[in-house]
Amino acid sequence: MSHNPASKPLTALLSVSDKTGIVDLARGLHALGVRLLSTGGTAKLLADSGLPVTEVAQHTGFPEMMDGRVKTLHPKIHGGLLARGDLPEHVAAMQAHGIDRIDVLVVNLYPFEATVAKPGCSLADAIENIDIGGPAMVRSAAKNWADVTVLTDASQYPQALAQLRAQGHTSRSMRLACGIAAFNRIAQYDAAIANYLSAITPSDELDVNAAPTRAEYPAQLNTTFVKLQDLRYGENAHQSAALYRDLHPAPGSLVTGRQVQGKELSYNNIADADAAWECVKSFSAPACVIVKHANPCGVAVGADVLQAYSKAFQTDPTSAFGGIIAINRPLDGAAAQAVAKQFVEVLMAPAFTDEALAVFKAKANVRLLQIDLPSATGLTPWQQGRNAQDTKRVGSGLLVQTADIHTLTPADLKVVTRVAPTPQQLHDLMFAWTVAQYVKSNAIVFCAGGMTMGVGAGQMSRLDSARIASIKAQHAGLSLAGTAVASDAFFPFRDGLDVVVDAGATCVIQPGGSMRDSEVIAAADERGVAMVLTGVRHFRH
C-alpha cells in the first residue's frame with residue numbers, strides 16, 4: 001500500500017463467508033474513497049446496503065462458473081495482489097495487461113470446520129466447503145504484505161480503518177502482522193481439512209452423500225496451538241519454556257483464566273495449577289484442592305469455601321506449604337483470611353470478592369487466577385471444560401489417547417465382600433475414588449467425612465504408597481480409624497489391603513481385575529471390611 005500512486009484511489013476486495021462487521025468496514029472504506037470489489041453473497045449484501053460495489057466477474061471480464069468454484073482464480077485478481085510496487089517490471093506488467101492493484105483484501109474462508117462438526121455431515125458437503133479461491137488470494141496477499149493489507153478476521157477491521165483514516169494507508173508493522181495471521185489461518189484451515197480426510201479410509205464403495213466412517217485417530221495428526229506467553233524458564237532454570245493454548249480452548253479450562261494479581265506464572269505453577277483445577281471441577285459441592293508437585297496433598301468438600309479449605313489444609317499442612325490451591329466457588333473474605341495464613345503460590349477460583357482481593361493485596365506475589373467454571377450440563381468433554389484427548393511426548397513421537405474422564409456412579413459398583421458399605425461409607429468411597437483419579441500412580445487415598453486423610457502417590461510399589469499415606473496421616477495428627485480407601489489400580493496381593501486395614505480403613509474401593517482378586521476379596525472378608533470393585537482403573541503417570 002505504501003507504493004500505491006497518490007493519484008489513484010485504493011482498491012479493496014471483500015469476499016467473506018462470515019459477514020460479521022463487513023458492512024461497517026465497507027462503509028468506512030467507501031467513505032475514504034476506496035473502490036470496492038466483491039463476489040457473490042458479499043457483493044449482494046453490500047449492494048443491498050446501498051454501497052457501490054463492482055462484481056469480480058465484471059472486474060475480470062470473466063464470469064463465475066462451476067457453481068462458484070472458479071471466480072477469483074484470475075490474473076487480474078492475483079496480479080493485483082502479487083505485484084510489487086517497488087519493481088518497475090511488475091508495474092509495467094500491470095500496465096501492459098490492464099491489471100489494477102488490490103490494496104486491501106478482506107477474506108474469511110468457507111466454514112469447513114463448522115460444517116464437518118455438524119452431526120451427519122456427508123463427505124460431499126465437507127468437500128464442497130473446502131475453499132480454494134479464498135486461501136489462494138489470502139496467500140498471495142500475505143506474501144505481498146509490503147504492499148497489501150490482508151484481513152482474515154473481523155477483529156482486525158477497526159485497526160485497519162483507524163490507520164487508513166489517520167494516514168491514508170496501514171502501517172508496515174500492521175501489514176506484516178496481518179500477513180502472519182493470514183498464513184496462520186491458512187495453516188489452521190488446511191490442518192482441519194487434512195485431519196478430517198486422513199481419518200477416512202478410501203474405498204470404491206464409499207458413499208459421498210453419507211457421513212463417512214472416520215477413524216478415531218487420523219493417519220496424520222496436525223495440531224494448532226497459539227502462544228499465550230513466554231515463560232521465565234521451564235521445569236528447571238536451565239530449560240526455556242512457553243505456554244500455548246488450543247486454537248479453540250474449552251470453556252472453563254485453565255488457559256481461559258485471567259490473572260488478577262501476582263508475579264508471572266512459572267512452568268511448574270501452570271502444570272500444578274492445571275492438576276488442581278481439573279480435580280476441583282469434579283465436585284459439585286463447595287470444594288478445595290491443594291496440589292504440590294502435581295499431586296493433590298489435600299482435598300475436601302464442605303458447607304462453604306472456608307470449611308472446604310480448612311479440611312483440605314488439615315490433611316497435610318507440611319506439603320501444603322508453597323502449594324497450589326483451587327476452589328470451585330467464589331472466594332470470600334473469611335476464606336481468604338484463612339488461606340493468607342499459609343504460603344501459597346497460586347490461588348484459583350471462579351471469582352474473588354472485594355474483601356478477598358483486599359486480603360491478598362498485601363501479598364502481591366500471590367498469583368490469583370480467576371477462571372469461569374464450565375457448564376455442569378455440558379454433553380461433550382469440551383463443553384465440560386476438559387480435553388477430549390491427552391498427549392504425551394516421547395522420543396520423536398507423540399502418544400495420544402482419549403482423556404480419562406470416566407464418570408463412576410454408585411450403581412456401577414460391585415460389592416464383592418460379605419459386608420456391604422453403609423450409605424456413609426459409600427459416600428466416602430465415591431469421594432476417595434474421585435480424588436484417586438488425580439493422584440499419580442501408584443495411588444492410595446484415605447478419606448472420611450468429605451476430606452482426604454492420607455495420600456500416597458507416585459510410588460513404584462502400591463504397598464509403599466499405602467504405607468506413605470498412613471505415615472502422612474500420622475504426621476498430620478489424623479486418625480485413619482473408620483476411613484475409606486481408594487486404590488487407582490487393583491491390589492496385586494493381599495499385603496496392600498492388610499496395610500490399609502491395619503491403618504484403620506473399614507471399606508475399600510478398587511478396580512479389580514487381578515489374577516489374585518479372589519485372594520484379596522477373601523482377605524477383606526477375613527478382616528471384616530467392605531470392598532467394592534469399579535471395573536475401571538485410573539493410572540496417571
Side-chain angles (χ1 to χ4, degrees), residues 282-285 296 299-301 311 315 404 406-439 441-457 459 461-474 478-540:
S282 301
F283 298 99
S284 56
V299 181
V301 294
K311 291 166 68 177
T315 301
D404 183 10
H406 180 272
T407 300
L408 189 75
T409 68
D412 298 322
L413 301 178
K414 180 181 179 182
V415 179
V416 292
T417 48
R418 288 192 292 268
V419 176
T422 66
Q424 180 58 50
Q425 286 178 324
L426 186 60
H427 186 271
D428 287 339
L429 287 170
M430 293 297 293
F431 178 85
W433 183 250
T434 299
V435 175
Q437 182 176 348
Y438 297 95
V439 177
S441 301
N442 288 313
I444 295 291
V445 180
F446 288 83
C447 295
M451 66 176 283
T452 49
M453 305 292 283
V455 179
Q459 298 304 304
S461 161
R462 190 162 302 278
L463 196 61
D464 287 341
S465 288
R467 290 169 176 153
I468 288 172
S470 179
I471 291 170
K472 281 189 166 291
Q474 292 173 17
L478 299 174
S479 171
L480 296 181
T483 53
V485 167
S487 174
D488 66 334
F490 60 65
F491 286 101
F493 302 97
R494 69 166 290 168
D495 52 2
L497 177 76
D498 285 328
V499 169
V500 300
V501 175
D502 287 346
T506 55
C507 55
V508 177
I509 184 169
Q510 57 128 330
S514 167
M515 292 176 59
R516 295 181 176 83
D517 270 355
S518 58
E519 177 185 322
V520 176
I521 293 168
D525 282 333
E526 177 188 318
R527 303 298 300 270
V529 299
M531 179 181 288
V532 297
L533 304 184
T534 65
V536 295
R537 74 180 187 201
H538 282 306
F539 273 162
R540 187 177 181 88

Trainee: If we only count heavy atoms from C-beta on, is the I509 to S487 side-chain gap below 4.5 Å?
Mentor: no
Trainee: Please identify each residue that fulfils side chain to side chain contact (heavy atoms under 4.5 Å, CB included) with V419, with sequence neighbours left out.
Mentor: A530
Trainee: Roughly how far, to the nearest 0.5 Å, is OG of S470 from CG of L480?
Mentor: 5.5 Å
Trainee: I need the minimum non-hydrogen distance between V485 and A505, along with the two atoms involved.
Mentor: CG2-CB, 3.5 Å
Trainee: F446 and A466: which non-hydrogen atoms are nearest, and at how many Å?
Mentor: CE1-O, 4.1 Å
Trainee: Could you pull out all residues at least two apart from R516 that satisfy side chain to side chain contact (heavy atoms under 4.5 Å, CB included)?
Mentor: F493, S514, E519
Trainee: To the nearest 0.5 angstrom, please state how far the SG atom of C447 sits from the CE atom of M430.
Mentor: 12.0 Å
Trainee: Does D488 have any salt bridge (charged side-chain N to carboxylate O under 4.0 Å, His left out) partners at least two apart in sequence or in another chain, and if so, which?
Mentor: R462
Trainee: Excluding sequence neighbours, so at least two apart, what forms side-chain hydrogen bond (donor to acceptor under 3.5 Å, both in side chains) with T506?
Mentor: Q425
Trainee: Suppose we screen for salt bridge (charged side-chain N to carboxylate O under 4.0 Å, His left out). Which residues come up paired with R527, at least two apart in sequence or across chains?
Mentor: D498, D502
Trainee: Who pairs with D495 by salt bridge (charged side-chain N to carboxylate O under 4.0 Å, His left out), at least two apart in sequence or on another chain?
Mentor: none
Trainee: Report the residues that fulfil ring pair (Phe, Tyr, Trp, His ring centres under 6.0 Å) with F431, sequence neighbours left out, ordered by chain and then residue number.
Mentor: F283
Trainee: Quick one: CD on Q510 to CG on L429, what's the gap to the nearest 0.5 Å?
Mentor: 11.5 Å
Trainee: D404: which residues meet the side-chain hydrogen bond (donor to acceptor under 3.5 Å, both in side chains) condition with it, sequence neighbours left out?
Mentor: H538
Trainee: Determine the minimum heavy-atom distance between G450 and K311, stating which atoms define it.
Mentor: O-NZ, 3.7 Å
Trainee: Of all heavy-atom pairs between V445 and V439, which one has the smallest distance, and what is that distance?
Mentor: CG2-CG2, 4.0 Å
Trainee: If you round to the nearest 0.5 Å, how far is CG of L413 from CG of L426?
Mentor: 6.0 Å
Trainee: Please list, chain by chain and in numerical order, all residues satisfying side chain to side chain contact (heavy atoms under 4.5 Å, CB included) with S465, sequence neighbours excluded.
Mentor: N442, I444, Q459
Trainee: Could you report the tightest heavy-atom contact between T534 and P511, atom names first, then the distance?
Mentor: OG1-CA, 3.2 Å
Trainee: Are the side chain of D525 and the backbone N or O of T417 linked by a donor-acceptor pair below 3.5 Å?
Mentor: no
Trainee: Going through the distances and angles, do L408 and Q437 end up as a side chain to side chain contact (heavy atoms under 4.5 Å, CB included)?
Mentor: CA-CA 11 Å; L408 189 75; Q437 182 176 348; over 6 Å; no
Trainee: Considering residues at least two apart in sequence or located in another chain, which fulfil the ring pair (Phe, Tyr, Trp, His ring centres under 6.0 Å) criterion with F490?
Mentor: none
Trainee: Quick one: do the T434 and S282 side chains pair a donor with an acceptor below 3.5 Å?
Mentor: no
Trainee: Looking only at atom types and distance, does a side-chain atom of S441 sit under 3.5 Å from a main-chain N or O of R540, one as donor and one as acceptor?
Mentor: yes
Trainee: Can you check side chain to side chain contact (heavy atoms under 4.5 Å, CB included) on V532 and V508, steps first, answer last?
Mentor: CA-CA 6 Å; V532 297; V508 177; over 6 Å; no
Trainee: Work out which heavy atom in T315 is nearest to a heavy atom in G454; give both atom names and the distance.
Mentor: CG2-N, 4.3 Å
Trainee: With sequence neighbours left out, what residues match K472 under salt bridge (charged side-chain N to carboxylate O under 4.0 Å, His left out)?
Mentor: D316
Trainee: Using the test side chain to side chain contact (heavy atoms under 4.5 Å, CB included), find all partners of T409 that sit at least two apart in sequence or belong to another chain.
Mentor: A411, D412
